[in-house]
Structures are given as C-alpha cells and as structure tokens.
Amino acid sequence: MEKYLSQLNDAQLEPTIQVDGPMIIIAGAGSGKTRVLTYRIAYLMHKGVDSFSILALTFTNKAAREMKERIAQIVGESEAKNLWMGTFHSVFARILRVEGHHLGFPSNFTIYDTQDSQKLLGSIIKEMNLDKDLYKTKQVYSRISSYKNSLITVKAYFNNPELMEADAMARRPQMGNIYKAYVDRCFKAGAMDFDDLLLRTNELLTRFPTVLAKYQDKFRYILVDEYQDTNHSQYLIVRALADRFQNICVVGDDAQSIYAFRGANINNILNFQRDYDNVKLYRLEQNYRSTKNIVGAANSVIDHNQTKLDKVVWTANEEGPKVKVHRSLTDGDEGRYVASTIWETKMNQQLNNSDFAILYRTNAQSRAMEDALRKRNIPYRIYGGLSFYQRKEIKDVLSYLRLILNPSDEEALKRIINYPGRGIGQTTIDRLVVAANGLGKTIWEILKEIDTVQVNINNGTKNKLRDFVTLIESYQVMNQTATAFELAEHVVKSSGLMREFNKDGTPEGVTRLENVEELLNGVKDFVEGQQELADAKGDLAEFLEDVALATDLDNEKGDDDVVALMTIHLAKGLEFNNVFVVGLEEDLFPSAMSMNTRSELEEERRLFYVALTRAEKQAYLTYALSRYRWGKLVDSDPSRFIEEIDDQFIENITPPEERRINPMLSADIFGDVEPNKIRFKKPVQPKFKKKDKAPEKFVASTPKNLKKVDALGKNDVPNTNLFDGNLAVGNIVSHMRFGKGEVLKIEGKGTDTKAEIKFEVAGVKKLLLRFAKLDVIG
DNA sequence: CGATTTCGTTTTTTT
DNA sequence: AACGAAATCG
C-alpha cells in the first residue's frame with residue numbers, strides 16, 4: 001500500500017487516507033481524481049474495512065469496471081469483486097430485483113428504455129383521445145421524467161396546484177392523468193423506466209424503514225463520483241443511505257456539470273457542506289493531463305461563468321503548442337481538414353489512431369467527419385448515437401427474450417405479437433388493449449383466457465393468438481433448463497425472425513443479419529463470462545439487465561486502434577493525446593436551444609470546458625462558415641467560446657488556401673467546385689476581438705443581437721472576394737448542379753458575399769459567392 | 001390485413 | 001437527408 005500512496009502528491013494523499021466522516025473532493029479536470037478514488041477504496045480495505053460494505057457510485061459502467069480492475073491490482077481479485085460498484089441505475093436495479101416485491105414488482109421486472117416509454121405514452125395519449133400534436137410523446141416523456149427526478153409522484157402531482165396549473169397553462173391539462181395512466185401501465189407490465197430505478201429506490205427506502213436500515217448497515221462507506229451530475233432523486237438516495245454512518249465521500253467538479261437537461265442539480269455539489277456536519281473539503285487543483293496552453297485556454301473560458309466554486313487549476317506540465325483554431329468553408333471541408341490533419345500528425349509524430357478524438361455537440365455532426373475519415377482510410381469508431389441495443393432488429397430479438405421472462409411486458413408483446421407477420425393486425429391489438437384495460441389485466445392474461453373472455457375477435461384470429469401463446473410458452477419451458485445463449489439462438493431460428501431478416505438481400509439487410517449474429521455472440525460471451533464467476537447465475541434476466549443499462553462506451557473492445565468520434569457528453573472522463581472540437585459555431589455550440597437563460601449558456605460553456613480539457617497535448621477548435629443542417633445549407637458564425645479564450649493560448653491556423661490535398665478525394669458538398677479556382681488573395685485570419693465581454697451581455701441580448709456582433713467581426717476581414725461586384729440582382733445564372741436560376745438578392749460583402757438564387761428546379765438557395773461557381777448567362 | 005407510398009418531423013446532450 | 005407514422009390501395 002505504501003508504494004501506491006507514495007505515488008500521490010500531498011493534495012491527493014490527504015483525502016485518500018481520510019477514512020471516516022463526510023468529505024468532498026473538488027477535483028479539477030485531469031487532477032487525478034480517479035486515482036484518488038481507487039487508492040482511497042484500496043486504502044479503506046487495507047485499514048480493515050470489509051469490501052462488502054463499500055458502495056461506489058460512478059457515472060458509467062465502464063468507469064466502474066476500470067476502477068475495479070485497478071483496485072484488484074492493489075488488493076487482489078477476490079477482495080475487489082465484493083465491492084458494490086456501478087452506476088446509480090445498475091446498482092439500484094440490482095437492489096430492486098431483491099427488494100422490489102415490497103413495492104409489488106416482480107424480481108424479473110423489465111427495464112423500459114426511452115423508446116419503450118415513449119411508445120407506451122403514445123398509446124396512452126391515443127387511447128385517451130388526446131390531440132397528439134399538443135401532447136407530443138417526447139415532451140410528455142421528458143416532463144414525466146423531470147417529475148420523477150424531482151420525486152414528484154402522481155399523488156404529489158395532484159396535491160400540487162402549482163404544477164397542475166403550470167401544465168394547464170401550457171395547454172396540457174391532461175398531463176396528470178397521462179402521468180397516472182403511464183405509471184399504472186408500467187406497474188401492471190412489471191416494468192420500470194430509467195427514472196423509476198431511482199424513484200422506486202427512494203420509495204423503497206422511505207416506506208420501508210427496515211429495508212433502509214438493512215442497506216444503511218450494509219453500505220458503511222459510500223463514494224460518489226461525478227457528484228456534480230447527480231439529480232435530486234440520486235441525491236436523496238445517497239443522503240438516506242449515508243445517514244447512519246456519515247461516511248460519505250463525494251468527488252466532482254462543478255465546472256464539469258453538464259447534465260442539467262436530465263435533472264442534474266449543480267446545487268448538490270455546491271451545497272454539500274451544508275448537508276452534512278463537519279465536512280472535510282479537499283481540492284485537487286494540479287492538472288496532470290494537459291499542457292499549459294490547454295489548461296490556460298480552458299481556464300480563461302470557464303472564467304466567464306458566474307456560478308462556480310473557487311478553484312484554480314494549474315499545471316506543471318510543459319507549455320506545449322497553442323490551441324489551434326481553424327476555419328473551413330463548409331462542414332465537408334471541416335471534415336477533410338480534420339482527417340488530413342490526423343493523417344499528417346500521425347505520420348510526423350508516429351502516433352496511433354487512438355491518440356485522436358473528434359468531439360462534437362450533436363450526433364448528427366459525425367457524418368461529415370465519418371465521410372472524410374473513410375476517404376482517407378483512417379479507422380474510426382463512432383460512439384453513442386443509436387446504440388447497438390436500440391437497433392430495430394436487435395430490439396426485436398430482445399423483445400422475445402423480454403417477453404419470455406416477463407409476459408406482462410406490454411411493449412415487448414406489442415412489438416412482436418405480429419412480427420414476423422402472423423396475421424394479427426392493429427385492430428386485434430387495439431381490441432386486446434381495450435379488453436385488458438377494461439378488466440384491469442395484462443394483455444398476456446387476456447391472451448391466456450382468450451376462449452372465455454368477452455372480446456370482439458373472430459375465431460380465425462383467436463387461433464392465431466393461441467398459437468402465439470403456445471410459442472412463447474414453449475420458450476418459457478426451454479428457459480428453465482437452457483442457457484441464455486441456447487435459448488436466444490433457438491428463438492431467433494424458430495420464431496421466423498431469422499427468415500424475416502434473411503428475406504431482403506439489400507446491404508442493410510445483410511448488416512441487420514450481422515447485427516443479430518453479433519447479439520448472439522454477445523449472449524454467448526456473457527454466458528461464458530458468468531460461468532467463470534462461481535456465484536453468478538448467468539441467466540437471461542441478468543443479460544437483459546446488462547443490456548438495458550449498457551451504454552455504447554461499455555461495449556468498448558478496447559484493443560482497436562481507432563480514432564474516437566463522440567459527443568462531448570460522452571467524452572466526459574476520457575482523455576486523448578490530440579482532440580478536435582468541431583462545429584464551434586453559434587447556434588450549434590452553444591446550441592440554439594440553450595441560449596435563453598444564463599444557466600443554460602453556462603452549462604454550454606462548461607461543456608466546452610469539458611471538451612477542451614480532454615486534450616493532453618494538442619487541442620484543435622474548428623468551425624465552418626456554412627454547414628448542412630436540416631438538409632439545408634445554413635450560414636454560421638464562429639462560436640463565442642472561441643472569442644472567450646485568452647489570445648495568448650490560441651493560434652489561428654486557417655491557411656491562405658483551403659487545404660485540398662487531393663482534389664479527387666474531395667467530392668465537394670456543392671459538387672461544383674473546382675478546387676484550383678478557389679483563391680484568396682491573402683491569408684484570411686479571423687480576427688477575434690478580445691474585449692473581455694461580461695457574460696451578462698450575452699444573456700441580456702437576444703440571439704439576433706449576438707449575431708450582429710459576430711457579423712461585424714467578420715466584416716473586419718479584408719475584402720478579397722474575386723466575384724464581388726460581378727453579379728447583380730436579376731441576373732440569370734447557371735450552376736453546375738442546381739441548373740439555371742435567377743438572382744433574387746445579394747447580401748454581405750467581402751469574402752462573405754452571399755446570393756439568394758431561385759433555381760428553376762432546385763428552388764431557392766443561398767450560396768456563398770466566393771465558393772459557388774456561377775456562370776452569368778443573362 | 002398487409003404492403004407501399006407519401007407526408008411530416010427532426011437535431012441537443014443520455015442513464 | 002433520413003426516418004417513422006399515417007394514408008392509401010390491393
């Protein structure tokens with residue numbers, strides 16, 4: 001143990017060997033908090049704390065797994081495996097399997113994912129004959145989610161006139177009734193959604209003091225990582241469990257709180273010292289990850305936030321190269337710039353692909369990056385987005401497995417009762433739902449009693465329903481003896497799913513088949529992995545739970561040498577040698593949806609801070625002057641976040657000519673640009689005005705005003721436009737792709753002159769003149 | 001009842 | 001641009 005402790009600096013050592021009492025560690029980015037957490041857990045065990053009585057809550061399963069491995073290296077495998085470690089969701093799902101019966105849930109309850117929940121809400125809204133444009137499932141879902149995360153149960157909702165009024169004012173007076181119906185239906189289906197895993201845990205601990213006492217006694221030492229991103233529900237669980245022994249250690253960085261949109265409450269970390277007595281406070285402020293330039297740039301940005309704890313992150317690392325800022329014309333160019341830079345840097349510095357990450361605000365941005373990387377044959381992997389387990393074909397297979405385990409699972413049943421086609425149509429399903437609701441039973445129960453129950457379904461269809469029941473029951477019998485893998489394979493082959501997937505020979509169809517194959521391999525791996533662990537059952541239920549709570553990051557093979565592409569949210573906690581933060585444009589990052597209030601904007605800024613601080617050696621910030629959004633080419637201004645960085649840490653590297661290393665590779669987004677025609681008379685450096693704008697200014701002004709400020713900045717650029725003045729309103733022009741059109745409007749000047757042109761076929765387009773090659777024909 | 005086509009919506013981030 | 005839901009037809 002001594003040998004490990006000697007690896008820590010003084011600031012890290014103190015909290016590591018502080019055993020008892022409440023404590024908070026404010027850990028700046030890259031300050032070694034994971035190391036402190038792991039060593040602290042090892043130290044607790046070293047000091048005689050029983051490994052069974054330590055609960056460590058992490059933000060991702062991957063973080064938990066890695067931490068466990070590191071602890072195992074110190075204290076040994078057999079001890080480390082007794083630790084309770086995982087995300088809030090997975091740990092409390094595990095506990096609810098055991099204790100859920102107190103609340104009336106079966107131990108094999110299903111975990112509904114977002115898709116399931118929204119589908120159920122969709123049917124409820126339909127059944128209640130509500131206007132689906134007014135009650136959008138997504139909005140209703142997020143509203144209910146925020147109720148749950150704030151611990152507002154259905155009962156609490158109806159006891160709260162303010163809430164009801166707020167929903168009524170928003171022209172959704174039926175919210176409460178939808179909420180009630182949704183909760184009832186989930187309960188009847190033996191299902192919990194993500195938020196229920198926390199809400200029901202709270203219910204359990206509140207309503208059953210003996211259960212609370214049991215877990216208080218069990219978890220004598222509690223550690224919570226990423227505490228700044230806990231929501232109210234999680235906060236209460238932690239407080240309840242830690243109440244008896246008060247051995248609670250939370251770690252976090254208020255500057256990295258980026259999940260307010262799903263209920264995270266930054267006040268949990270800001271107020272921790274008020275919540276417990278005699279809190280010991282530790283700060284980790286030395287950054288070991290990044291160069292001076294990166295740390296300096298990140299600090300200068302986060303300084304613009306008002307809401308924050310006092311903390312000075314510094315580093316003794318080398319100065320390193322400055323943060324590079326690069327401007328492109330389009331998102332396609334941006335991708336090509338990133339890809340070629342990765343290519344060159346890799347060559348020059350002998351780096352691996354995995355030394356690079358491309359981070360973006362929205363998943364949709366991955367496409368341009370992907371295209372560019374593929375053309376350069378740079379291996380990459382996209383994390384997040386539609387996760388593997390949410391793909392249609394995978395959900396189809398999983399729905400069978402879910403239904404076998406829990407036949408009450410309404411969403412699984414509805415998904416597969418007629419897939420592959422069995423001649424059971426929507427009308428039949430609707431009648432089954434009506435019958436089930438009317439009798440207070442599940443659809444499965446109605447199906448089982450189809451002969452006796454009063455339902456308007458003809459005999460032919462009834463036969464089909466009986467066949468379906470027989471099929472599922474035969475699987476249930478098999479599940480008694482077979483492994484999860486044997487069962488899954490049998491289901492895929494015998495249900496007709498395989499035939500269905502085989503049917504179309506399109507490339508997508510082949511991919512689907514491969515995905516199913518991969519799922520089966522995954523089940524196999526799982527079963528084999530579980531069999532190695534003596535105490536695990538290796539059964540279907542556990543597999544499904546893993547799947548329901550898995551994130552894309554968790555499925556990381558880890559051994560691939562690939563460039564990582566992901567959203568900044570997903571990148572939290574990770575680090576890379578070289579990081580590209582792309583799409584730094586107003587309305588994209590910061591997102592247009594997040595500029596209405598100061599707190600939203602500050603969260604965007606923290607997100608940017610997280611992005612920058614992922615980089616060890618070199619950070620690149622890129623933006624494009626126009627990009628395709630919603631299928632249309634849209635002009636954009638550079639993100640205010642670039643301006644907020646102190647000049648001394650950044651360097652503009654937009655080259656005099658757009659980089660088009662290999663014109664053959666750059667099928668341009670316009671499809672009409674001849675690369676050698678693009679010329680600037682001189683290097684066009686974006687000039688960022690450095691005048692320390694107060695954040696208030698951004699909040700007070702409307703987005704429109706902000707745009708003006710930025711536009712002025714852009715117009716400082718010398719007029720280098722070759723086309724300026726050559727075109728007038730009313731001209732008839734010809735465009736290689738869009739064909740003939742008439743110039744409606746010309747706006748802007750200099751390099752940014754744009755023309756609005758009405759094409760005969762393609763309709764009205766706005767084009768950057770410097771870029772679009774137009775022939776004036778009249 | 002099922003297949004095909006059209007229409008409309010979507011892009012903020014995720015356990 | 002891309003996907004899903006609804007409308008339409010067989």
Side-chain angles (χ1 to χ4, degrees), chain A residues 57-64 86-93 111-115 117-119 122 126 132-133 136-138 141-142 145 148-149 192-199 226 229-231 233-234 257-264 331 359-368 371 383-387 389-392 418-430 458 460-461 464 508 545 547-554 566-572 583 587-595 600 603-604 606-608 610-611 627-634 669:
Chain A
L57 297 164
T58 59
F59 198 70
T60 63
N61 292 307
K62 186 181 172 224
T87 60
F88 273 90
H89 289 87
S90 59
V91 164
F92 296 110
I111 298 172
Y112 274 177
D113 66 14
T114 310
Q115 220 178 76
S117 300
Q118 289 185 358
K119 277 205 164 149
K126 201 170 163 188
K132 66 175 166 35
D133 294 322
K136 298 206 164 142
T137 51
K138 265 193 177 165
Y141 175 74
S142 72
S145 175
K148 288 186 174 178
N149 286 327
M192 296 199 200
D193 65 19
F194 288 134
D195 305 315
D196 284 332
L197 294 176
L198 307 174
L199 179 67
E226 308 280 11
D229 279 324
T230 51
N231 62 34
S233 199
Q234 292 167 323
S257 164
I258 55 175
Y259 280 98
F261 72 92
R262 70 170 204 215
D331 47 354
L359 308 181
Y360 35 76
R361 180 66 178 80
T362 67
N363 282 303
Q365 289 166 258
S366 68
R367 176 158 248 115
D371 290 345
Y383 295 84
L386 237 210
S387 102
Y389 297 112
Q390 286 171 28
R391 289 182 191 170
K392 183 192 170 298
N418 195 37
Y419 189 81
R422 300 185 173 87
I424 302 167
Q426 194 56 51
T427 321
T428 306
I429 295 172
D430 287 345
N458 68 40
T461 309
K464 292 171 186 164
E508 298 84 50
E545 178 169 316
V547 161
L549 299 176
T551 61
D552 211 18
L553 231 41
D554 296 326
M566 63 185 89
T567 62
I568 300 161
H569 283 89
L570 223 50
K572 193 170 77 159
D587 288 352
L588 182 61
F589 192 15
S591 159
M593 324 280 293
S594 304
M595 296 201 287
E600 282 177 337
E603 174 146 323
E604 293 284 305
R606 290 192 294 269
L607 192 58
F608 181 58
V610 169
R627 78 170 51 238
Y628 273 92
R629 291 181 86 180
W630 319 285
K632 282 201 302 253
L633 192 64
V634 176
I669 212 123

Could you give the [atom1]-to-[atom2] distance, from [X] to [N], as a whole number of Å?
X	N	atom1	atom2	result
A/Leu588	B/dT13	CG	C1'	12 Å
A/Met593	B/dT11	CE	P	9 Å
A/Met192	B/dT15	CE	P	20 Å
A/Asp430	C/dA6	CG	C1'	14 Å
A/Leu198	B/dT15	CG	C1'	8 Å
A/Gln365	B/dT10	CD	P	19 Å
A/Tyr389	B/dT14	OH	P	18 Å
A/His569	B/dT14	NE2	C1'	8 Å

* Among C/dA2, B/dT10, B/dT13, which is the nearest nucleotide to the side chain of A/Lys138? -> B/dT10

* Where the side chain of A/Ala364 is defined as all heavy atoms beyond and including C-beta, which of B/dT14, C/dA2, B/dT11 is the nearest nucleotide? -> B/dT11

* Asked: Which part of the nucleic acid, if any, lies within reach of A/Phe88 when heavy atoms closer than 4.0 Å are counted: base, sugar-phosphate only, or nothing?
  -> nothing

* Asked: Does A/Asn363 put a side-chain nitrogen or oxygen below 4.0 Å from OP1 or OP2 of B/dT13?
  -> yes

* **Contact under 4.0 Å: A/Ser90 side-chain N or O vs B/dT15 OP1/OP2** => no

Least distance between heavy atoms, [X] atom then [Y] atom:
X	Y	value
A/Asn149	A/Leu198	OD1-CD1, 4.5 Å
A/Ile111	A/Ala548	CB-CB, 3.9 Å
A/Leu359	A/Ala611	CD1-O, 4.0 Å

* Taking only Lys NZ, Arg NE, NH1 and NH2, and the carboxylate oxygens of Asp or Glu, determine whether A/Arg262 and A/Asp229 approach each other closer than 4.0 Å. => no

* Is the ring of A/Phe261 stacked on the base of B/dT13, with centres less than 5.5 Å apart and planes under 30° off? -> yes

* Structure fact -> Contacts of A/Asp430 meeting side chain to side chain contact (heavy atoms under 4.5 Å, CB included) (sequence neighbours excluded), chain-then-number -> A/Gln426

* Quick one: side chain to side chain contact (heavy atoms under 4.5 Å, CB included) partners of A/Asn418, sequence neighbours excluded? -> A/Arg422, A/Ile424

* **Nearest-Å distance once atom P is located in both C/dG4 and B/dT13** => 16 Å

* Structure fact -> Closest to the 5' end of DNA chain B, once A/Glu600 and A/Phe194 are matched to their nearest nucleotides, is A/Glu600

* To do: Applying salt bridge (charged side-chain N to carboxylate O under 4.0 Å, His left out), run through A/Arg367 and A/Asp331 and close with a yes or a no.
  => CA-CA 10 Å; A/Arg367 176 158 248 115; A/Asp331 47 354; over 6 Å; no

Can you tabulate the close N/O pairs, meaning under 3.5 Å, that link protein atoms to atoms of nucleotides 1-9 of chain B?
unit_1: B/dC1; atom_1: OP1; unit_2: A/Gly425; atom_2: N; d: 3.4
unit_1: B/dC1; atom_1: OP1; unit_2: A/Thr428; atom_2: OG1; d: 2.8
unit_1: B/dC1; atom_1: OP2; unit_2: A/Thr427; atom_2: OG1; d: 2.6
unit_1: B/dG2; atom_1: OP1; unit_2: A/Gly423; atom_2: N; d: 3.0
unit_1: B/dG2; atom_1: OP2; unit_2: A/Asn418; atom_2: ND2; d: 3.3

